Amino acid sequence: MSVVALADAALRQRALAAAGAVADPEIPVLSIADLGVLRDARVTEDGGVEVDITPTYSGCPAMGMIAVQVEAALLAAGLPAPRVRLVLSPAWTTDWMSAEGRAKLRDYGIAPPAPRATRRGLFGLEEEVACPRCGSTATETLSEFGSTACKALRRCTACREPFDHFKCL
Amino acid sequence: MSGICDMTSILVAQDAPPLLLHVLRLADTALVLGHRLSEWTGRAPMLEEELALANAALDYIGQARSLYDYAARLDGRGRTEDDLAYLRDTPDWRCWLIAELPNGDFAHSVLRQFLVAAALQPYWRALAASRDATLAAIAAKAEKEAAYHLRHAGEWVIRLGDGTDESHRRMTEALEDLWPYTGEMFEADAVEAALVAEGVAPDPLALRPAWEAMVARVLAEATLDLPAPCAWMQSGGRRGVHTEHLGHLLAVMQHLPRSYPGAVW
Ligand SMILES: [Zn+2]
């Protein structure tokens with residue numbers, strides 16, 4: 001690798017590290033790297049860094065906030081001329097959520113999505129979701145849509161606690 | 001008039017390129033339906049449904065934003081997604097009529113959600129294979145959201161149809177009212193024909209059997225009678241010929257940017 005290419009690779013790594021540490025505004029226990037919202041970074045022709053992020057849902061209201069925070073994090077890390085690019089393809093899936101992210105979610109009281117995104121159709125089988133508090137799988141859906149677009153509301157019939165479930169997508 | 005921007009309405013010509021017109025049709029339907037759903041905020045029958053309808057509204061508005069953003073780029077005149085959403089008058093809107101109808105009661109609203117999502121989900125799935133990379137990306141995302149809308153609304157149609165006498169009666173009424181507006185979802189004209197030929201968009205007619213099968217199955221489960229084929233279906237939204245309801249919706253939705261041009265917050 002040339003000296004320039006080496007320097008660019010180092011810049012890219014710094015950009016990914018700085019952007020990846022930004023917390024999700026709605027689930028602050030997760031970073032955007034844990035979520036898989038951070039997709040890539042590159043050094044552009046003008047020598048600036050460009051970071052790609054992708055929305056979880058089309059209408060996710062947190063995207064504007066995330067973009068601003070990523071830009072601020074890149075500036076704070078001393079990266080040159082930072083830019084944030086919103087990419088739609090490939091469409092985000094819960095498969096991109098890291099194992100560490102899933103564990104953090106559970107500790108936070110939110111049941112993580114299934115390891116491989118499955119989808120129940122209108123007449124499909126109900127998925128098995130374990131209660132993040134007591135671990136029981138005797139849980140039921142209260143509402144398909146919870147406090148944010150990415151979560152559903154469930155209830156544990158063992159410990160009786162309601163909890164959020166990060167939906168599979 | 002210093003400090004006041006030009007408030008003239010903008011127009012997208014009827015003979016604009018097919019891709020732009022098609023993207024606008026999809027965007028207008030998504031935004032108008034998203035706006036209707038947002039009208040439930042503060043008025044839903046229970047908190048869980050309040051959240052569900054607001055979340056679905058956000059999905060539709062998010063899809064509309066991606067589509068308007070693309071339309072603005074295709075338009076290439078420096079007009080933005082906001083200009084397209086807020087500065088066009090009723091005859092320049094191209095949404096399906098079913099999207100602009102007032103919410104009615106909860107039965108009407110969830111039945112509309114079901115009928116529309118059952119048409120949109122297969123549509124987005126097919127569009128995700130479009131030769132147009134931007135449309136394909138928007139569609140792949142929207143398809144996942146439509147699958148959730150379909151499941152949520154379909155379960156309500158079943159619960160209310162196969163519920164009490166009162167809920168069954170309301171579902172039956174909603175079905176009678178909305179059915180004549182379903183034909184428009186499968187219309188195609190020269191705009192779609194051009195895009196179908198280029199592999200950019202699927203033929204809506206080809207997707208109709210999948211919709212019919214889904215609707216028949218859910219209505220049967222809901223103990224609701226499948227309406228007889230209508231001799232005459234409502235039509236016109238995609239050409240800018242609307243019900244009297246759209247103007248009132250736009251008056252509310254566009255009021256702020258029209259009254260305070262360039263307002264930001
Ligand atoms: Zn429990």
Side-chain angles (χ1 to χ4, degrees), chain A residues 26 36-37 39 52-68 85-96 113-114 117-127 140-155 162-169, chain B residues 30-31 34 37-38 44 46-67 69-70 114 117-118 121 124 128 130 132-158 214-215 217-218 220-221:
Chain A
E26 284 172 346
V37 159
R39 299 313 303 156
D52 292 347
I53 58 173
T54 194
T56 52
Y57 285 73
S58 298
C60 177
M63 286 317 286
M65 175 96 168
I66 291 174
V68 168
R85 200 167 70 112
L86 196 67
V87 294
L88 289 181
S89 180
W92 182 85
T93 157
T94 40
D95 288 352
W96 295 345
T118 48
R119 182 154 78 179
R120 183 170 78 87
L122 185 49
F123 294 102
L125 286 173
E126 184 76 43
E127 62 194 311
E140 61 190 11
T141 301
L142 287 178
S143 176
E144 293 286 350
F145 294 84
S147 53
T148 62
C150 54
K151 286 176 279 177
L153 195 59
R154 295 183 73 90
R155 171 170 54 202
F163 63 90
D164 274 336
H165 171 223
F166 203 108
K167 294 190 289 200
C168 279
L169 193 72
Chain B
L31 183 58
L37 284 173
S38 77
M46 62 186 85
L47 181 61
E48 288 79 6
E49 285 315 300
E50 175 98 10
L51 292 171
L53 296 172
N55 270 312
L58 272 178
D59 286 341
Y60 277 112
I61 293 167
Q63 293 161 12
R65 287 195 62 183
S66 298
L67 291 161
D69 179 63
Y70 187 35
F114 167 68
Q121 197 217 347
W124 292 128
S130 170
D132 183 289
T134 306
L135 262 189
I138 295 170
K141 197 124 201 76
E143 193 270 339
K144 295 180 175 210
E145 291 151 7
Y148 261 101
H149 301 164
L150 178 61
R151 180 168 142 186
H152 170 254
E155 283 174 354
W156 269 114
V157 170
I158 294 168
M214 173 60 81
V215 169
R217 185 166 177 194
V218 167
E221 193 89 7

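Given the structure is predicted, the values throughout are model-derived calculations rather than measurements. Residue numbering restarts at 1 for every chain, and letters A, B, ... go by the order of the sequence lines.
Contact between A/Trp92 and B/Lys144 at its shortest, heavy atoms only, is O-NZ, 2.9 Å. Residues B/Ala137 and A/Ser89 come closest through the heavy atom pair CB-CB, 3.4 Å.
Considering only residues two or more places apart in sequence or on other chains, B/His149 meets the ring-ring contact (aromatic ring centres under 6.0 Å, His included) condition with B/Tyr60. In this structure, B/Lys141 has no side chain to side chain donor-acceptor pair (under 3.5 Å) partners at least two apart in sequence or on a different chain.
Residues B/Ser66 and A/Leu88 meet the side-chain proximity criterion, which asks for heavy atoms closer than 4.5 Å.
Atom SG of A/Cys150 and atom CG of B/Asn55 lie 8.5 Å apart (nearest 0.5 Å). How far OG of A/Ser58 is from CG of B/Leu58: 10.5 Å, rounded to the nearest 0.5 Å. Between the CG atom of A/Leu142 and the CE atom of B/Met46 there is a distance of 11.5 Å, given to the nearest 0.5 Å.
For A/Arg154, the CZ atom is densely surrounded, since the number of other residues' heavy atoms within 6.0 Å is greater than 12.
Contact of A/Pro61 with chain B is made through the side chain alone, with heavy-atom distances under 4.5 Å. Only the backbone of A/Thr148 comes within less than 4.5 Å of a heavy atom in chain B; its side chain stays farther off. Both the backbone and the side chain of B/Leu51 come within contact range of chain A, with heavy atoms under 4.5 Å apart. Looking at B/Leu47, there are no atoms closer than 4.5 Å to chain A (heavy atoms on both sides), in backbone or side chain.
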